[in-house]
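Residues: numbered from 1 along the sequence shown. Values below: all heavy atoms of this structure, side chains included; hydrogens, waters and symmetry mates excluded.
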Amino acid sequence: MKYSLKTFINNIKYLARYNLKEMDKKLNTLPDWSDFAELLRDEIKNDFDAIKPPNIKNSFETLEILLQTQKSFIRFGDGEYILMNGGSIGFQKYDANLARALETIITSEDENLLIGLGYNYFRMPPDNARSPWFKYTWVMKNYPIIKKYLIPNKEYGATELSQIYAGYKDYDFKAHYAGLKKLFADKKILLVCGDKVLANVQYNLFEEAQEIATIYGATKHAYESIGVLKEEILKFPKDWVLVFALGPAGKVLGYEMFKLGYRVLDIGHSIKDYDAYKRKLRMDREEISKFFAPDE
């Protein structure tokens, strides 16, 4: 994003409102001096002034929609934007068919499908955000890409629904996870996930489900075996709720199943997120990086 003279002056005015000694204190608590740029971005909000947020419900509102309706839910984050624009990510290499399928999903206007977008992509990160630096780096740089997939007046859900503990330092975690468990309570759940997703999980998010079955895909590049996974899913009746934690491939597969009449909930990191919350893991930068990395 190019900066004008007006923007530069506005930034100086904005920084003038802050106590530089307090900024120095914050800097001394950071891991190394390379974080200074991130600290500076945390004090500058002008970039966000130019962003007009789409109609995205926050995480609690999103959860309420899913509890009160039979809508399916598919989330989009930075990985999907990268794939749609020709790049690869750690657990899914670029595939033209995958990219086109993701574009079809994110621009879908089906009323029974709630698309999840990053609620905090379009706003100043709140004080309780764990990683505000991400919003000032990747999001700002890639906002033109994000913007081109937005549909005016469309109602979206919050991608952050699946990563509350990883995303916020302070939150009503108890109420959030109670709502998630209620979403699965007394239902037959078919979990479609990477083969290592459950390897280190100690606490079961689906403990109130009536019944649960699991289909495993590859941890990396699962899109290559999407046909085989589809055949396995089709063995289950449509009264089973399909829960996906299979990255971008799971979104494409989930969309296909949604079109066939299944209810699909792409809750991604919620399984590990709930486990991290229950275990009270310290979500510092290293732990957050591990959280979002391919499972091992």
Side-chain angles (χ1 to χ4, degrees), residues 25-32 35 38-39 42 58-64 66-67 73 75 77-79 90-91 116 118-121 123-138 157-185 187 189 191 193-209 212 214 216 219 243-247 250 265-296:
K25 288 180 182 179
K26 289 183 183 179
L27 182 61
N28 289 332
T29 67
L30 297 173
D32 56 63
D35 287 319
E38 292 172 1
L39 173 63
D42 194 39
N58 65 34
S59 293
F60 273 120
E61 292 169 334
T62 301
L63 186 53
E64 190 63 23
L66 298 179
L67 286 168
F73 182 54
R75 305 162 307 110
D78 54 295
F91 47 89
Y119 181 82
N120 289 326
Y121 277 16
R123 296 167 174 82
M124 281 288 291
D127 291 339
N128 63 336
R130 291 195 190 274
S131 305
W133 45 271
F134 174 76
K135 306 301 184 296
Y136 289 93
T137 52
W138 192 90
T159 287
E160 288 89 345
L161 173 74
S162 70
Q163 50 211 47
I164 293 298
Y165 187 69
Y168 296 100
K169 295 178 284 188
D170 179 47
Y171 199 86
D172 192 345
F173 297 114
K174 184 177 180 180
H176 171 74
Y177 296 114
L180 268 182
K181 287 191 171 186
K182 186 177 179 181
L183 185 61
F184 307 125
K187 295 181 176 68
I189 301 296
L191 175 61
C193 65
D195 54 12
K196 295 181 176 65
V197 166
L198 303 177
N200 300 307
V201 171
Q202 299 176 16
Y203 293 90
N204 181 12
L205 181 63
F206 309 106
E207 61 186 355
E208 297 178 18
I212 185 164
T214 307
Y216 293 104
T219 296
V243 175
F244 283 87
L246 194 64
L265 298 173
D266 168 37
I267 52 88
H269 298 289
S270 288
I271 297 168
K272 293 194 299 180
D273 195 65
Y274 175 68
D275 184 68
Y277 161 71
K278 292 291 289 184
R279 291 164 61 187
K280 295 181 171 54
L281 292 183
R282 181 186 176 190
M283 299 302 284
D284 54 20
R285 185 172 298 192
E286 180 180 355
E287 195 63 42
I288 291 172
S289 295
K290 287 168 55 181
F291 182 89
F292 289 107
D295 297 295
E296 297 180 353

Notebook entry, point to check: Do Ser162 and Asp273 come within less than 4.5 Å of each other through their side chains, counting heavy atoms only?
Noted result: no
Notebook entry, point to check: Would a 4.5 Å heavy-atom cut-off, applied to side chains only, mark Phe60 and Asp172 as touching?
Noted result: yes
Next item on the list: Identify the two heavy atoms, one from Arg279 and one from Asn200, that lie closest to each other, and give their separation to 0.1 Å.
Entry: NH1-O, 3.4 Å
Next item on the list: For residues Phe73 and Asp266, determine if any side-chain heavy atom of one lies less than 4.5 Å from a side-chain heavy atom of the other.
Entry: no
Item checked: Straight-line distance of Leu191 CG to Ile267 CD1, nearest 0.5 Å -> 7.0 Å
Next item on the list: For Thr62 and Ala158, indicate whether the former's side chain and the latter's backbone hold a donor-acceptor pair under 3.5 Å.
Entry: yes
Margin query: Could you go through Tyr177 and Ser270, starting from their C-alpha distance and side-chain angles, then the distance that decides it, and tell me whether this counts as side chain to side chain contact (heavy atoms under 4.5 Å, CB included)?
Written below: CA-CA 9 Å; Tyr177 296 114; Ser270 288; over 6 Å; no
Next item on the list: Kindly indicate whether the side chain of Tyr274, heavy atoms from C-beta on, has any atom under 4.5 Å from the side chain of Lys181.
Entry: yes
Margin query: So Ile212 and Val243, do their side chains get closer than 4.5 Å, heavy atoms only?
Written below: no
Margin query: Using 0.5 Å steps for rounding, measure from the CD1 atom of Ile271 to the SG atom of Cys193.
Written below: 5.5 Å
Check: Are the side chain of Asp195 and the backbone N or O of Tyr216 linked by a donor-acceptor pair below 3.5 Å?
Finding: no
Next item on the list: Taking the side chain as every heavy atom from C-beta outward, state whether Lys278 and Tyr165 have any pair of such atoms under 4.5 Å apart.
Entry: no
Next item on the list: Please round to the nearest 0.5 Å and tell me the distance separating atom NZ of Lys280 and atom CZ of Phe173.
Entry: 11.0 Å
Check: Looking only at heavy atoms, which two atoms of Tyr121 and Asp78 are closest? And how far apart?
Finding: OH-N, 3.1 Å
Next item on the list: Quick one: pull up CG in Leu198 and NZ in Lys272 and give me the separation to the nearest 0.5 Å.
Entry: 10.5 Å
Next item on the list: Taking all heavy atoms of Ala209 and all of Lys187, pick out the closest pair and write down the distance.
Entry: CB-O, 3.5 Å
Check: Of all heavy-atom pairs between Leu63 and Leu180, which one has the smallest distance, and what is that distance?
Finding: CD2-N, 3.8 Å
Item checked: Gln163 side, atom CD; Ser59 side, atom OG - distance, nearest 0.5 Å -> 8.5 Å
Next item on the list: May I ask you to test the His269-Glu160 pair for a side-chain heavy-atom distance under 4.5 Å?
Entry: no
Next item on the list: Take Tyr168 and Asn120 through the test side chain to side chain donor-acceptor pair (under 3.5 Å) and record every step on the way to the result.
Entry: CA-CA 11 Å; Tyr168 296 100; Asn120 289 326; 2.9 Å; yes
Notebook entry, point to check: Once you round to the nearest 0.5 Å, how far does OH of Tyr171 lie from NE2 of His176?
Noted result: 6.5 Å
Check: Mind checking whether Tyr119 and Leu161 have side chains closer than 4.5 Å, heavy atoms only?
Finding: no
